[in-house]
> 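To start, I am sharing the structure in question, which I have written as structure tokens.
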Amino acid sequence: MIDDELAAAVEGAIRRTVAEEVMPRWRQLSDDDVVQKSGPHDLVTVADQRAEDRLSRTLTALLPGSVVVGEEAVHAKPAVYEALHGEAPVWIVDPIDGTRQFVRGNEGFCTLVALARYGEILASWTYVPVPGEMAVARHRGGALLNGEALVAGRPEDGKVLEVATSHPDFTTEAQKHALLGLRTEGVSPRPCGSAGVEYLSVARGTLDAVAFSWEAAWDHAAGLLLVSEAGGANSTLGGEPFRLAGGNALPFTAARDAGTARRMVGLLRAGS
């Protein structure tokens, strides 16, 4: 389904959309350009909306018969999410992952696109526009960052694990207790920024693992494939691979290698 021509077309569509709909609005937003959704930490901007609309049109044109599950479309109509259970190929789109960072004028945001079918992630694109980084992964086809192979490697023996986690303010009590399991000798946890940027850090080996307590597909699909194709692994609290359509035992982890993922699950279980 994903050949070189389609992969290149998707990459080009993402670059053009970000260049024309997102970057001109970075550090240029007015108060009227930003709207709260569920609360002050859940924001959407005119750039999110315009970029998602444009990507939705372009991606479905590139692959006739496909559908889109986008963050803003699901917010407007939650039933859109059910497309993940359908038979049609699904583009999973987060037009700006890290909207809070984008609104503040920070550099740590990205655009995420993944293609999935029958619950399997087939390809993904992670574009971090300020440094100009494009990471592409294909199922069983490896991962590339600006055309160079991405290899997550494994943490050095005896090295403190660097871990990004969900912020405690956005977790249930049970999830808070599980994440407390990471506050132990040999682990250095910190609150995460943009999930997509954190996944890229794991895939390139500059971050050892993430532990997340939410499962929205647009935040995780692209990064999970990227980490996997760079040699990493993921696991839910129940010891199973993350399921794209939901119903996962949370928190879950993605890590540079399978051994680190198992260690993370053990620590999360100890905390819970």
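Source: prediction; values computed, not measured.
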> Would Leu6 end up clustered with Ile14 when hydrophobic side chains under 4.5 Å apart are linked, directly or stepwise?
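Leu6 clusters together with Ile14.
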> Might you point out which heavy atoms bring Glu52 and Ala73 nearest each other, and give the distance in Å?
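Heavy atoms of Glu52 and Ala73 come nearest at OE2-N, 2.9 Å.
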> State whether a side-chain donor-acceptor pair under 3.5 Å links Asp48 with Thr45.
yes
> For Glu148, is there an ion pair with Arg204 - N to carboxylate O distance below 4.0 angstrom?
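The answer is no: the pair does not qualify as a salt bridge.
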> Going hydrophobic residue to hydrophobic residue with side-chain gaps under 4.5 angstrom, can you get from Leu29 over to Met23?
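Linked, Leu29 and Met23 end up in one cluster.
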> Taking C-beta and beyond as the side chain, do Val197 and Gln101 meet within less than 4.5 Å on heavy atoms?
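Val197 vs Gln101: side chains apart.
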> Does Glu215 use its side chain to pair, donor to acceptor, with the backbone of Asn248 at less than 3.5 Å?
yes
> May I ask whether Val69 and Ile121 are part of the same hydrophobic cluster, defined by side-chain heavy atoms of I, L, V, M, F, W, Y residues being less than 4.5 angstrom apart, directly or through others?
yes
> Same cluster or not: are Val187 and Leu237 linked, directly or through other Ile, Leu, Val, Met, Phe, Trp or Tyr residues, by side-chain heavy atoms under 4.5 angstrom apart?
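They do share one cluster, since a chain of ILVMFWY contacts under 4.5 Å joins Val187 to Leu237.
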> For Met264, is there any backbone N or O sitting under 3.5 Å from a side-chain donor or acceptor partner on Thr253?
no
> Where the side chain of Glu82 meets the backbone of Ala79, is there a donor-acceptor pair that is under 3.5 Å apart?
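Checked: no pair found.
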> Checking side chain to side chain contact (heavy atoms under 4.5 Å, CB included) against Tyr127, which of Val18, Thr17, Leu200 comes through?
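Among the candidates, only Val18 passes.
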> Checking salt bridge (charged side-chain N to carboxylate O under 4.0 Å, His left out) between Glu21 and each of Arg16, Arg15, Arg50, which is the one that passes?
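The salt bridge (charged side-chain N to carboxylate O under 4.0 Å, His left out) with Glu21 is passed solely by Arg50 among Arg16, Arg15, Arg50.
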> Could you check whether any side-chain heavy atom of Phe252 comes within less than 4.5 Å of a side-chain heavy atom of Leu224, counting everything from C-beta outward?
yes
> So, do Leu182 and Leu268 sit near enough that their side-chain heavy atoms are less than 4.5 Å apart?
yes
> Any heavy-atom pair between the side chains of Leu112 and Trp218 that's under 4.5 Å?
no
> Do the charged groups of Asp257 and Arg263 touch, with an N to O distance under 4.0 Å?
no
> When you compare the side chain of Trp125 with that of Thr111, does any pair of heavy atoms fall below 4.5 Å?
no
> Hydrophobic clustering (ILVMFWY, side-chain heavy atoms < 4.5 Å, transitive) - are Ile2 and Leu226 grouped together?
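Different hydrophobic clusters.
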> Answer yes or no: is there a donor N or O on one side and an acceptor on the other, between the side chain of Glu71 and the main chain of Pro95, under 3.5 Å?
no
